[in-house]
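As the structure lists them, so they are numbered: ligands from 1, and atoms in each ligand from 1.
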Amino acid sequence: MEKKIPIGVLASGSGSNLQSIIDHIEQGRLDADIRVVISNNPDAYAITRAQKHGIPFVIVRHQEFPDREAFDRQMAEILISCGVELVVMAGFMRVLSPLFLKTFPQRVINIHPALLPSFPGLHGQRQAFEYGVKFSGCTVHFADDGVDSGPIIIQAVVPVLETDTEDTLAERILREEHRIYPQAIQFYAEGRIEIHNRQVRIRGLKESASQVLHNPPLEGF
Ligand code: GRF
């Protein structure tokens, strides 16, 4: 068994990515230990999920702090006191300050429901659907000072089907989020992630991604 990486999860909403991480840990497929879940939203279903699995959680209401730094400082203190090594943003709806990121250099990751750098910000799925791309997907990346702009660890490509609505596309993307996030954390836990400038390399990959995708499919070309 690998060393279990102590993680802290930041979540503001439904927490389905948190659930996927919990499930993979419970199935013995992810060498991580969720030390704490922090939410800025007391009504987040993510909190209920943590409770159900006996995971410590803390609600930190951003409205109660004079500024972003003070809010972030409070979260950082909690994470440090819980021994967290890797901070996992899972539907966390606040942008982290440079101060927070300096406290956890290259130790904060995020998931975004689009193929970055396309469609950053809110509603990545809707932006992609309305733009009319033939493929979208999801991205796990390191957080940096920008919005959804840090070095990319892993992406899943999801086709946009002729019959899709924004909702069916979002569902298909979310299913892949639930796979790539645990994988990214496992790469981290195994100490296999290297960052060179913007480029992330994963040591010891067994296969390389060699498949070309077409959508719509080519008809004999
Ligand atoms: C996901 O689509 C994620 O990519 C985005 O916020 C959503 C969170 O969903 N950052 P959930 O709370 O994990 O269900």
Side-chain angles (χ1 to χ4, degrees), residues 7-26 30 32 34 36-53 55 57-62 72 75 86-96 100-101 104 108-131 133 135-160 164-188:
I7 67 174
V9 179
L10 311 185
S12 303
S14 136
S16 70
N17 278 288
L18 167 65
Q19 187 67 53
S20 172
I21 294 166
I22 293 171
D23 293 344
H24 281 82
I25 292 173
E26 290 185 352
L30 174 54
I34 306 177
V36 66
V37 171
I38 300 181
S39 183
N40 61 317
N41 171 14
D43 300 322
Y45 191 63
I47 294 294
T48 309
R49 296 182 195 268
Q51 251 169 336
K52 281 189 183 163
H53 291 267
I55 296 167
F57 63 90
V58 184
I59 293 158
V60 185
R61 291 179 178 78
H62 58 274
D72 282 5
M75 288 198 300
L86 178 68
V87 180
V88 176
M89 300 170 76
F92 188 64
M93 302 306 286
R94 313 292 305 169
V95 176
L96 296 171
F100 185 96
L101 295 167
F104 296 96
V108 183
I109 60 175
N110 182 42
I111 188 156
H112 182 73
L115 285 179
L116 292 172
S118 294
F119 313 120
L122 288 177
H123 308 301
Q125 310 95 323
R126 182 185 308 165
Q127 293 183 54
F129 185 77
E130 287 177 354
Y131 191 93
V133 292
F135 290 103
S136 190
C138 43
T139 304
V140 178
H141 63 94
F142 285 100
D144 69 4
D145 289 359
V147 175
D148 302 320
S149 54
I152 291 172
I153 301 169
I154 183 167
Q155 295 185 303
V157 177
V158 172
V160 182
D164 264 336
T165 62
E166 184 193 323
D167 288 347
T168 58
L169 175 63
E171 273 168 38
R172 195 173 316 110
I173 291 173
L174 193 60
R175 279 202 294 277
E176 292 308 312
E177 293 187 35
H178 297 163
R179 301 173 70 195
I180 66 171
Y181 221 2
Q183 173 69 82
I185 298 167
Q186 183 63 17
F187 283 147
Y188 195 98

Minimum heavy-atom distance between [X] and [Y], given as atom pair plus value:
X: A156; Y: E176; answer: CB-CB, 3.8 Å
X: I111; Y: E177; answer: CD1-CB, 3.6 Å
X: D144; Y: S149; answer: OD1-OG, 2.6 Å
X: A44; Y: S39; answer: CB-OG, 3.5 Å

Please report whether ligand 1 has a polar contact with A90, defined as an N or O pair separated by less than 3.5 Å (distance criterion only). no
Min N/O separation E177 to ligand 1 under 3.5 Å: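 E177 vs ligand 1: N/O contact under 3.5 Å present.
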Residue list, side chain to side chain contact (heavy atoms under 4.5 Å, CB included) with S16, at least two apart or on another chain: S14, R49, L174, H178
Nearest protein heavy-atom contact for [atom]: which residue, which atom, what distance?
atom: atom 14 (O) of ligand 1; value: S16 OG, 2.6 Å
atom: atom 9 (O) of ligand 1; value: N17 ND2, 3.9 Å
atom: atom 8 (C) of ligand 1; value: G91 CA, 3.5 Å

Candidate with minimal heavy-atom separation from atom 10 (N) of ligand 1, of V9, I173, I111: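 When every heavy atom of V9, I173, I111 is considered, I111 comes closest to atom 10 (N) of ligand 1.
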Just by distance, no angles: are the side chains of S12 and N41 close enough, under 3.5 Å, to form a donor-acceptor pair?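 No, no side-chain donor-acceptor contact under 3.5 Å.
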Below 4.0 Å from ligand 1: does a non-hydrogen atom of G15 turn up there or not?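 Yes.
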